[in-house]
Student: 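First the structure, then my questions, so here it is.
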Amino acid sequence: MVQGVVIIGVQWGDEGKGKIVDYYAASADLVARFQGGNNAGHTLVVEGKQTILHLIPSGILQNSTCLIGSGVVVDPDNFLTEIGVLKKMGIPNLENRIFLSDRCHLILDYHKHLDAARENRKGGKIGTTKRGIGPAYEDRASRRGLRIADLFNESVFEAKLKENWDEKNFLLKEFYGVETVSMDQFMTKYREIARQLKPFIRDVAQILHDEVSAGKKVLYEGAQGVLLDMDYGTYPYVTSSHTLPSQAALGTATRLPKDTLFVGIMKAYSTRVGEGPFPTELNDAMGQRLRDTGHEFGATTGRPRRCGWLDLVAVRYALRVSGIKNLAVTKADVLSGLKELKVCTSYQLDGKKLETLPADTSLLSRATPVYETFEGWGEDLSQLHSANSIPNALKNYLRFIEDFTGSKINLVSTGAGREAVIDIQKAF
Ligand code: IMP
């Protein structure tokens, strides 16, 4: 019996993971985040009401206990804002349902300013969310980072903070030529932050260890997607954490349950926000059609997402490097009504056929997609709930995806709402 499910996007993020996490969380005792930070944006629609969460696991809208593991970088302002939103929604007992690891690194004001200063500078743009994610992970690796536990050791915290602040302000002023950030305001507010965070802080690794040993079911909620992984994505146009399923164990400091299923979330077409190569991008009316019908605007930054046909070369690569064999296909409804659909099955580069993603991202920028064409379907999918009811043209599309990638499609999502799902094979 499956005890653990790891949910990972297998494209460039925004695959609709929030909805799938919310759906699977109904069968999970715990939901754990293990990487990234509030660069993620999970849109949930429950009974017609939309909620966007960036940091707190989407499982909070079900009855699960939600954990934020040590692999996550935490912006305390954002965490407390989301707690406020959930309280306003009337969700009770949050202090006993959301647990934050004291080993998480903090995203502080200077990280956000540095992120923005780099993005606003000419050249070398990544198109980040400007949430300070990269600078916070850099500080972790260079051992300058401040962790949640440090908030409760005032003298050490203040000394480290001052040293970091001086260094970052030097960079902001002398290198980036932008305004420096005053530390005074933060010094007066951090004790309050510590006080408000305290009820949520736990030894998350110990809790997860005990719960897994007791046979409890755990859903591991990935943020971003495999193609944004720091090593295996389209570097340097990636995020600053590992987005692969193996990170679920590292970022929570627990072994994964013996029977753990990795489920890759794949949008029925492709999107990406920010810079970086995107071979199947459509800068035409069809791209606009996908953006409008799919409401393809970033949940975190509101940026219009770049849209294009499904790139199965990229997805097959993502599945290989992450060891994923099961897929949930989202937003199939967005393609309804199109006469024909295209799917990229290889690239052409300098007169040669390319069948996987090259390490040199500049090569991918020059690659042109080779497509197979599929017949579209006109049916409204929103009322369909069984595999048998799937229109034949969509069946062919899905079968091709399975054959090409060597994976099994467990679920098809057909709309934003919780109930718009064709659950072919239950995960838990
Ligand atoms: P960062 O994670 O803010 O440093 O941004 C690095 C890259 O990852 C940029 O291209 C972002 O647009 C992208 N990114 C980060 N988080 C997400 C996400 O949740 N969905 C989609 N793209 C993301």
Side-chain angles (χ1 to χ4, degrees), residues 2 4-11 13-36 38-69 72 79 82-83 85-94 97-99 216-225 245 248 261-268 294-295 298-300 326-334 381-382 384-385 409-428:
V2 171
V5 173
V6 186
I7 281 193
I8 304 280
V10 294
Q11 291 153 313
D14 304 322
E15 297 90 353
K17 292 181 290 294
K19 173 189 159 159
I20 307 296
V21 170
D22 174 66
Y23 181 76
Y24 284 161
S27 320
D29 300 297
L30 301 113
V31 181
R33 270 202 64 180
F34 52 88
Q35 47 78 224
N38 59 317
N39 47 349
H42 288 164
T43 308
L44 304 154
V45 182
V46 182
E47 288 162 14
K49 204 172 165 298
Q50 179 174 294
T51 309
I52 300 181
L53 293 173
H54 301 283
L55 183 62
I56 292 178
S58 315
I60 195 64
L61 299 190
Q62 299 282 11
N63 279 325
S64 339
T65 300
C66 291
L67 309 175
I68 299 179
V72 176
F79 179 82
E82 287 190 12
I83 292 289
V85 169
L86 294 169
K87 278 194 174 150
K88 250 199 188 141
M89 287 170 69
I91 300 178
N93 204 18
L94 293 177
R97 288 192 53 210
I98 300 173
F99 300 148
K216 293 282 168 53
K217 290 180 180 167
V218 187
L219 181 63
Y220 298 86
E221 172 178 337
Q224 292 84 46
L261 186 72
F262 297 167
V263 180
I265 314 300
M266 189 200 84
K267 204 180 275 189
H295 308 292
T300 299
N326 296 79
L327 284 174
V329 176
T330 61
K331 294 192 143 182
D333 53 305
V334 173
L381 306 178
S382 62
L384 308 184
H385 295 291
I409 294 174
N410 284 36
L411 181 148
V412 180
S413 166
T414 55
R418 201 178 247 177
E419 62 299 329
V421 153
I422 302 171
D423 199 351
I424 299 167
Q425 190 174 322
K426 295 245 173 282
F428 278 113

Student: Side chains of Y220 and V5: does their closest heavy-atom pair fall under 4.5 Å?
Tutor: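 Counting from C-beta outward, Y220 and V5 never come under 4.5 Å.
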Student: Atom CD1 in I56, atom CD1 in I83: separation rounded to 0.5 Å?
Tutor: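 Here the interatomic distance stands at 3.5 Å.
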Student: Would Y23 and V421 count as a side chain to side chain contact (heavy atoms under 4.5 Å, CB included) here? Give the steps.
Tutor: CA-CA 9 Å; Y23 181 76; V421 153; 3.7 Å; yes
Student: Do E15 and M266 pass the side chain to side chain contact (heavy atoms under 4.5 Å, CB included) test, and can you show the C-alpha distance, the side-chain angles, and the key distance before you say yes or no?
Tutor: CA-CA 6 Å; E15 297 90 353; M266 189 200 84; 5.7 Å; no
Student: Taking only Lys NZ, Arg NE, NH1 and NH2, and the carboxylate oxygens of Asp or Glu, determine whether E47 and K49 approach each other closer than 4.0 Å.
Tutor: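 Result for this pair is no, no salt bridge flagged.
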Student: Report yes if some heavy atom in the side chain of T51 is under 4.5 Å from a heavy atom in the side chain of M89; otherwise report no.
Tutor: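 T51 reaches M89 side chain to side chain.
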Student: Between the side chain of T414 and the main-chain N/O of D333, is any donor-acceptor distance below 3.5 Å?
Tutor: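 A pair under 3.5 Å: no.
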Student: Can you find a pair of side-chain heavy atoms, one from F262 and one from N326, that are under 4.5 Å apart?
Tutor: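 They are not in side-chain contact.
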Student: Rounded to the nearest 0.5 Å, what separation is found between the CD atom of Q62 and the CZ atom of R97?
Tutor: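 So the CD of Q62 and the CZ of R97 are separated by 9.5 Å.
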Student: Would you name the heavy atoms of Q35 and Q224 that are closest together and state the gap between them?
Tutor: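 That closest heavy-atom pairing would be NE2-OE1, 3.2 Å.
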Student: Assess whether side-chain hydrogen bond (donor to acceptor under 3.5 Å, both in side chains) is satisfied between K19 and T330, documenting all intermediate values.
Tutor: CA-CA 9 Å; K19 173 189 159 159; T330 61; over 6 Å; no
Student: Taking all non-hydrogen atoms of both residues, which atom of V31 and which atom of P57 are closest, and how far apart?
Tutor: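 Heavy-atom minimum between the residues: CG1-CB, 3.8 Å.
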Student: On a heavy-atom basis, which atom in A223 and which in R33 lie closest, and how many Å separate them?
Tutor: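 Result for this residue pair: CB-NH2, 3.4 Å.
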Student: Which pair of non-hydrogen atoms, one from C66 and one from G59, has the smallest distance, and what is that distance?
Tutor: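 Shortest heavy-atom contact: SG-C, 3.7 Å.
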Student: Minimum heavy-atom separation for L86 and L53, please, with both atom names.
Tutor: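 Smallest interatomic distance, heavy atoms only, reads CD2-CD2, 4.3 Å.
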Student: Contact between E221 and K17 at the side-chain level, heavy atoms closer than 4.5 Å - yes or no?
Tutor: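 Side chain of E221 against side chain of K17, heavy atoms only: no contact under 4.5 Å found.
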Student: For a 4.5 angstrom cut-off between non-hydrogen side-chain atoms, does I20 reach I7?
Tutor: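 Touching, per the 4.5 Å side-chain cut-off.
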Student: Can you see which heavy atom on K267 is nearest to which on Q11, and at what distance?
Tutor: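 Heavy atoms of K267 and Q11 come nearest at N-OE1, 2.8 Å.
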Student: Keeping H42 on the side-chain end and S58 on the backbone end, is there a donor-acceptor pair under 3.5 Å?
Tutor: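 Not at all, since once roles are kept as given, no pair shorter than 3.5 Å links the two residues.
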Student: How would you list all residue pairs meeting salt bridge (Lys or Arg N to Asp or Glu O under 4.0 Å) that involve residues 415-428, not counting sequence neighbours?
Tutor: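 Those involving residues 415-428 are D22-R418, D423-K426.
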Student: Using side chain to side chain donor-acceptor pair (under 3.5 Å) as the criterion, list what pairs up with S64, not counting sequence neighbours.
Tutor: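 S64 satisfies side chain to side chain donor-acceptor pair (under 3.5 Å) with no other residue.
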Student: Run the side-chain hydrogen bond (donor to acceptor under 3.5 Å, both in side chains) test on T43 and Q50 for me, step by step, so that the C-alpha distance in whole Å, both residues' side-chain angles and the decisive distance to 0.1 Å come before the verdict.
Tutor: CA-CA 7 Å; T43 308; Q50 179 174 294; 5.4 Å; no
Student: Are the side chains of V72 and L55 in contact, using a 4.5 Å heavy-atom criterion?
Tutor: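 L55 reaches V72 side chain to side chain.
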Student: Distance check, rounded to the nearest 0.5 Å: F79 atom CZ versus N38 atom CG?
Tutor: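 These two atoms lie 12.0 Å from each other.
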Student: Within a strict 4.5 Å, meaning less than it, do heavy atoms of the T65 and D29 side chains meet?
Tutor: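 No, too far: nothing below the 4.5 Å cut-off.
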Student: Kindly indicate whether the side chain of V10, heavy atoms from C-beta on, has any atom under 4.5 Å from the side chain of I265.
Tutor: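 Answer no - side chains too far apart.
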Student: What's the verdict on side chain to side chain contact (heavy atoms under 4.5 Å, CB included) for F34 and V6, showing C-alpha distance, side-chain angles and the deciding distance?
Tutor: CA-CA 10 Å; F34 52 88; V6 186; 4.3 Å; yes
Student: Please determine which of N410, V412, L411 meets the side-chain contact (heavy atoms from CB on, under 4.5 Å) test together with I424.
Tutor: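 Of the listed residues N410, V412, L411, the side-chain contact (heavy atoms from CB on, under 4.5 Å) partner of I424 is V412.
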